[in-house]
Amino acid sequence: MTNAASASISAEEFHAPGPSIFDLPPVFEIGSLGVTKPMLQLVIAAVVVFGFLYAASKSRAMVPGKLQFAGEGAYGFVRNSVARDIIGSHDFQKFVPYLVTLFFFILVNNLFASIPFFQFPTFSRAGMAYALAGMSWLIYNGVGIAKHGPLGYLKLQSVPSGVSPAMYPLLVPLEFFSNILVRPVTLALRLFCNMFAGHILLVLFATGGLYLIEHVGGVGYVAGPLAWILAILVSFLEILVQFLQAYVFVLLNAMYIQGALADEH
Amino acid sequence: MKTLLILAAAEGEEHNPLVPLWEEVAISLVVFGLLFFAIWKFVAPNFEKTFTERTAAIEGGLAAAETKQAEADAKLAELEAQLADARHEAARIREEAREQGAAIIAEMREQAQTEAARIVEHGKTQIEAERQQAVTSLRAEVGTLATSLAGRIVGESLDDDARQSRVVERFLAELEAN
């Protein structure tokens with residue numbers, strides 16, 4: 001084995017995919033703003049969600065056709081089993097458009113991770129998850145303050161009822177911390193980390209399998225395809241996770257809004 | 001492999017994935033906002049209207065069916081009342097007819113009895129008259145016979161009518177006295 005050969009092998013050493021795989025180069029640039037793939041995906045998701053729901057809703061037939069039935073099912077799922085069941089039939093109506101938008105926007109963006117040619121989860125970009133979580137934080141706090149006033153709302157979220165005042169010094173900061181400060185962080189990180197980890201796992205299986213076949217040989221010819229089969233199985237798991245993350249995000253939004261609207265808890 | 005090499009080269013200046021890029025935050029909010037507006041403005045009202053109309057249509061159908069049912073029930077009750085009236089009327093007429101029949105029969109019987117009594121009376125009278133006649137004629141016959149018989153026996157002529165009749169009367173009176 002010559003020096004050149006050993007050098008070429010060391011150059012081919014396997015690099016596990018890291019956080020850098022999420023830093024995509026801009027597809028095109030508008031002025032100084034580089035438009036990246038996840039940004040385009042946001043726009044495409046918005047167009048797809050609106051196109052589907054609008055097409056399904058506009059015929060307004062008493063006996064729905066297939067498209068309208070599918071649209072009503074999708075809209076009714078968020079409207080009835082998330083908004084109405086959690087917020088309650090008295091107040092839920094004005095939050096339905098927000099929750100529907102949130103659910104389908106996140107769902108389609110998550111599904112992009114598994115759709116060929118996109119294959120990138122939009123919310124694996126932390127900024128995008130932060131944006132939605134921050135918005136959720138503003139909305140549920142805003143709703144609560146509008147209903148109870150700033151002090152009333154702060155009392156509602158921080159002072160637990162049915163607890164002796166002796167415990168207040170301990171509990172009030174804890175409640176404030178968990179209800180006001182932690183919620184947006186967990187919302188954002190839950191979504192972001194699931195998408196980030198899922199994608200990195202898939203890339204690892206795919207590139208690792210390729211490396212095993214191309215550069216290891218022998219055992220690699222068995223282990224490489226096995227890794228690809230695992231990648232396919234993990235893909236199915238990921239589709240479930242993508243749906244669940246969208247659902248959980250919307251569910252928690254509805255619960256936070258309900259908590260902010262509650263009279264006493 | 002080429003990509004991996006590029007990525008490996010870029011690893012030195014890699015940015016922390018937890019640190020957001022401001023343009024990504026901004027574009028997310030803008031796109032979400034636009035989508036929310038579109039759904040709030042164009043999609044949700046359509047669906048809500050459809051749901052409301054459908055509920056109304058179903059409830060309207062139910063209400064119409066209930067009205068029809070009530071009408072039918074009223075009609076049925078009315079017809080049943082009419083039927084009962086008719087039955088009652090028929091029974092009344094039957095009863096009346098029976099009463100009338102009985103009255104007619106009673107009247108007829110009475111008439112017949114009267115007639116029968118009249119006929120019996122008439123017969124009696126006739127028989128009495130005929131008997132009277134027979135008695136009268138018999139009395140004349142018996143008188144004549146007895147007179148001629150007595151004349152013949154005593155040899156005394158009793159041709160004189162006045163005397164003859166006086167004797168017969170006396171004789172009969174004696175008979176009746178016995």
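Keep in mind that the numbers below use all heavy atoms, side chains included, and drop hydrogens, waters and symmetry copies. In what follows, chains are A, B, ... by sequence order, proteins preceding strands, each numbered from 1.
Closest heavy-atom contact between A:Gly127 and B:Pro20: CA-CB, 3.4 Å.
Heavy-atom neighbours of A:Phe77 CZ from other residues, nucleotides or ligands within 6.0 Å: above the threshold of 12. Counted within 6.0 Å of CD on B:Gln133, heavy atoms from surrounding residues, nucleotides or ligands total 12 or fewer; the atom is thus considered open. Remark: A:Phe52 CZ is packed, more than 12 non-hydrogen atoms of other residues, nucleotides or ligands lying under 6.0 Å away.
A distance-only check finds no donor-acceptor pair linking the side chain of A:Tyr130 to the backbone of B:Val19 [under 3.5 Å].
Heavy atoms closer than 4.5 Å to chain B are found nowhere in A:Ala45, neither backbone nor side chain. When heavy atoms are compared at a cutoff of 4.5 Å, A:Leu189 approaches chain B solely by way of its side chain, counted from C-beta outward. For A:Met135, the part lying near chain B is the side chain, with the backbone staying farther off; criterion is any non-hydrogen pair under 4.5 Å.
Chosen from A:Gln93, A:Met39, A:Arg125, the residue pairing most often with chain B at heavy-atom distances under 4.5 Å is A:Arg125. For the set A:Tyr75, A:Tyr98, A:Phe104, A:Tyr54, the count of heavy-atom pairs under 4.5 angstrom toward chain B peaks at A:Tyr75.
Near-neighbour residues of residues 190-203 of chain A relative to chain B, defined by a heavy atom under 4.5 Å from a heavy atom of that chain, comprise A:Phe192, A:Phe196. Identified by a heavy-atom distance below 4.5 Å to chain A, contributing residues of residues 74-110 of chain B are lacking entirely. Proximity to chain A at a heavy-atom threshold of 4.5 Å picks out B:Glu48, B:Lys49, B:Thr50, B:Phe51, B:Glu53, B:Arg54, B:Ala57 from residues 48-71 of chain B, in numerical order. Proximity to chain A among residues 22-29 of chain B is limited to B:Glu23, B:Glu24, B:Val25, B:Ile27, B:Ser28, B:Leu29, judged by heavy-atom separations below 4.5 angstrom.
Of the inter-residue distances, the one linking B:Leu35 atom CG with A:Leu53 atom CG reads 8.5 Å to the nearest 0.5 angstrom. For the atom pair CZ of B:Phe47 and CD of A:Gln68, the computed distance is 7.0 Å after rounding to the nearest 0.5 Å. A distance of 13.5 Å separates CZ of B:Phe36 from CZ of A:Phe105, quoted to the nearest 0.5 Å.
You'll find the side chain of B:Phe37 stays beyond 4.5 Å of the side chain of A:Thr101, heavy atoms only. Contact check for A:Leu42 versus B:Val30: no side-chain heavy atoms found under the 4.5 Å cut-off.
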